[in-house]
Amino acid sequence: DVVRVGIVGVGIMGADHAERLARRIAGARLVAVADPDEGRARDLAARFEGVRAGADALELIAADDVDAVLLASPGFVHEDQVLACLAADKPVLCEKPLTMDSESSLRLVAADREAEERVGRRLVQVGFMRRFDPEYAGLRTLLESGELGRTLLLHNVHRNASVPNADFRSEMIVRDSLVHEVDVARFLFGEEVVAIQVLSPAPTSHAADGVIDPQVAIFTMAGGGIVTNEVFVNSQVGYEVRCEAVAERGSAVIGRPSSSTYTTALAVDGLGRWGGEVPADYRTRFATAYDLEVQAWVDSVRSGTPVGPTAWDGYAATAVSTAGMASLASGERVDIALADPQTLSHSASSPDT
Ligand code: ISE
C-alpha cells in the first residue's frame with residue numbers, strides 16, 4: 001500500500017521534496033503540507049492534485065491520513081516535531097541538522113530507542129543525503145575495500161554562492177553547513193570525530209558584518225585521521241562540494257566539475273578562457289542523492305526495515321557542531337566526548353528529571 005506523506009516546512013528544501021514526492025517517488029503519495037506561512041503552503045499545495053495545506057505542524061503529524069512525515073522545517077523546531085512523530089508511532093525523515101544542540105539531539109536518540117521498543121523499528125532517519133549520492137557512496141566503497149590502504153586524510157570543500165538571508169550567521173555555517181562534512185567524515189572513516197578546531201580567515205567582504213565566512217575546520221578522527229574542511233557560503237560563484245580522500249596507496253576526488261556532473265559543454269570564449277557551469281545550489285548538485293534518499297526512506301517505511309542515518313548520527317553530528325561553536329570562539333582545538341549509547345534512556349536525559 002502507498003505511503004501517505006506529509007511535509008512540514010515549505011521553504012526551499014520542503015518545496016523541492018514536495019515535487020520529488022509528488023512526481024518521482026514510487027510507493028508514496030503527498031497528502032499534506034504545513035507551514036506557519038499558510039499562504040506559502042497553499043501556493044505549494046495548489047501545484048499538486050489532492051494535497052491539502054495548513055499552518056499547524058502538529059496537526060499534520062497527528063492526522064489519520066498521514067502515515068509518515070518529512071520534516072523540512074528549521075532545525076530549532078525539530079525536537080518537538082520529531083517527538084510528536086514518535087508519539088504517533090510515525091516514521092520521520094528529519095532534514096539536517098537533527099536539532100541545534102547536543103542535549104535535545106540526545107533526547108531524540110533516547111525517544112527513538114523507546115519508540116523502537118514499542119513498534120519494533122527505529123522511526124527516525126536524518127537527512128544527511130550525501131550518503132545516498134552515488135559519488136560519496138562509491139568513494140566509501142573504494143575506501144572500505146582497502147585497495148588504497150588505510151585512509152589518512154580527507155579534504156572537504158563546501159561552497160555556496162550566497163546565503164538565503166542575513167540570519168545565516170557564523171553559527172549557521174557551523175550547525176547547518178559544516179554539519180554535512182561531519183557526517184561525511186563519520187561516513188567515510190566509519191569512526192567518530194574526537195576533536196575539532198575551527199579557524200577564522202579574514203572574512204569575505206560579501207559576508208554580513210561580524211560573520212566569519214569562510215571558515216576552516218579541522219577534525220581529528222578516533223583513529224587519528226585528519227579532515228580539513230573549507231566552508232564558504234558567500235563564494236559568489238555557485239554550489240561547489242568536493243571531497244578528496246588521501247590513503248596510504250593513492251587518493252580519490254569526487255565532486256570535481258566535469259561534463260557529466262556540472263555542465264553540458266565546456267565553453268571557450270574569445271579571451272582564450274575555458275570552463276563550464278557550476279550548479280546554483282544543492283537542489284541540482286544533489287538531486288540524485290535526494291531522490292535516492294527519499295525513495296529509500298519510503299521503501300523503508302513500507303518494508304519496516306529502517307535505512308540511512310539514525311538519530312545517533314544526527315546527535316553525533318550535532319555534538320561536533322556544538323564543540324565547533326566553542327572552537328570558533330576560542331580558535332583552539334576542542335575535544336568531543338559523546339554520550340555512552342549504552343546508558344541512554346529518554347527519561348534520564350531530559351532536563352526536567
Ligand atoms: C543547507 O541547509 C544545506 O543543507 C546545503 O547542503 C548546504 O550547502 C547549505 O550551506 C545549508 O544551508
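A salt bridge links Arg285 to Glu135: at least one charged side-chain nitrogen sits closer than 4.0 Å to a carboxylate oxygen. Salt-bridge annotation for Glu240 and Arg242: present, with a side-chain N of the basic residue lying under 4.0 Å from a carboxylate O of the acidic one. The pair Asp183-Arg130 fails the salt-bridge criterion, with no side-chain N (NZ, NE, NH1 or NH2) lying under 4.0 Å from an Asp/Glu carboxylate O. A salt bridge is absent between Glu19 and Arg24; no separation between the charged side-chain nitrogens and carboxylate oxygens falls under 4.0 Å. Between Glu116 and Arg121, none of the side-chain N atoms (NZ, or NE/NH1/NH2) sits under 4.0 Å from a carboxylate O, so this pair counts as no salt bridge. Looking at Glu38 and Arg42, a side-chain N of the basic residue comes within less than 4.0 Å of a carboxylate O on the acidic one, giving a salt bridge.
Atom-to-atom distance recorded for Glu103:CD and Tyr315:OH is 8.5 Å, nearest 0.5 angstrom.
The aromatic rings of Tyr136 and Phe286 lie tilted to each other, with the angle between the two planes from 30° to 60°.
Applying the ring pair (Phe, Tyr, Trp, His ring centres under 6.0 Å) rule to Tyr290 yields the partners His17; only residues at least two apart in sequence or on another chain are considered.
The main-chain N or O of Ser104 is found under 3.5 Å from a side-chain atom of Asp101 such that the two form a donor-acceptor pair. The backbone N or O of Val194 lies less than 3.5 Å from no partner atom in the side chain of Thr220, so there is not a single donor-acceptor pair. Using modelled atom types, no side-chain atom of Asp133 and backbone atom of Ala289 make a donor-acceptor pair closer than 3.5 Å. Side-chain atoms of Ser177 never come within 3.5 Å of backbone atoms of Val174 as a donor-acceptor pair (strictly under, hydrogens ignored). Side-chain atoms of Thr151 do not come within 3.5 Å of backbone N or O of Phe189 as any donor-acceptor pair. A donor-acceptor distance shorter than 3.5 angstrom exists from the side chain of Glu191 to the backbone of Gly223, with no hydrogens or angles considered. Put simply, the side chain of Arg118 gets close to the backbone of Leu86: a donor and an acceptor are under 3.5 Å apart. Side chain of Lys96 to backbone of Val179: no donor-acceptor contact under 3.5 angstrom is found. Put simply, the side chain of Ser327 never gets that close to the backbone of Gly324: no donor and acceptor are under 3.5 Å apart. Although no hydrogens or angles enter the test, the distance criterion places a donor-acceptor pair under 3.5 Å between the side chain of His78 and the main chain of Pro97.
In this structure, the side chains of Arg4 and Val66 stay at 4.5 Å or more apart for every pair of heavy atoms. Residues Pro341 and Arg113 meet the side-chain proximity criterion, which asks for heavy atoms closer than 4.5 Å. Side-chain contact between Thr228 and Leu153 is absent, with no heavy atoms from C-beta onward closer than 4.5 Å. Within the 4.5 Å cutoff, side-chain heavy atoms of Tyr282 are placed close to those of Met13.
Of the N and O atoms on the side chains of Arg175 and Thr322, at least one donor lies less than 3.5 Å from an acceptor on the other residue.
Surrounding CD of Glu49 are at most 12 heavy atoms belonging to other residues, nucleotides or ligands under 6.0 Å away. Around atom CG of Asp209, no more than 12 heavy atoms belonging to other residues, nucleotides or ligands sit under 6.0 Å away. Within a 6.0 Å radius of CD in Glu147, no more than 12 heavy atoms belonging to other residues, nucleotides or ligands are found. The environment of Asp340 atom CG is dense: over 12 non-hydrogen atoms of other residues, nucleotides or ligands sit within 6.0 angstrom.
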Check your understanding: Where do Thr288 and Asp291 land on the side-chain hydrogen bond (donor to acceptor under 3.5 Å, both in side chains) test, with the steps shown first?
Key -> CA-CA 5 Å; Thr288 301; Asp291 285 355; 5.9 Å; no

Practice item. Tell me, with the steps shown, if Glu230 and Arg159 meet salt bridge (Lys or Arg N to Asp or Glu O under 4.0 Å). Key: CA-CA 8 Å; Glu230 172 210 322; Arg159 297 181 188 139; 2.6 Å; yes

Check your understanding: Is there a side chain to side chain contact (heavy atoms under 4.5 Å, CB included) between Val301 and Asp67 once you walk through the steps?
Key -> CA-CA 9 Å; Val301 171; Asp67 303 315; 5.5 Å; no

Review point. Step by step, would you call Asp35 with Arg40 a salt bridge (Lys or Arg N to Asp or Glu O under 4.0 Å)?
Key: CA-CA 7 Å; Asp35 192 282; Arg40 191 165 66 163; 3.3 Å; yes

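Taking both residues in full, the closest heavy atoms of Ser300 and Gln125 are given as OG-OE1, 4.3 Å, listed atom of the first, atom of the second, then distance.
Residue Val227 forms a side chain to side chain contact (heavy atoms under 4.5 Å, CB included) with just one option from Ile218, Val184, Asn156, Ile196, and that option is Asn156.
Residues Val31 and Val33 do not share a hydrophobic cluster, clusters being chains of Ile/Leu/Val/Met/Phe/Trp/Tyr side chains in contact below 4.5 Å.
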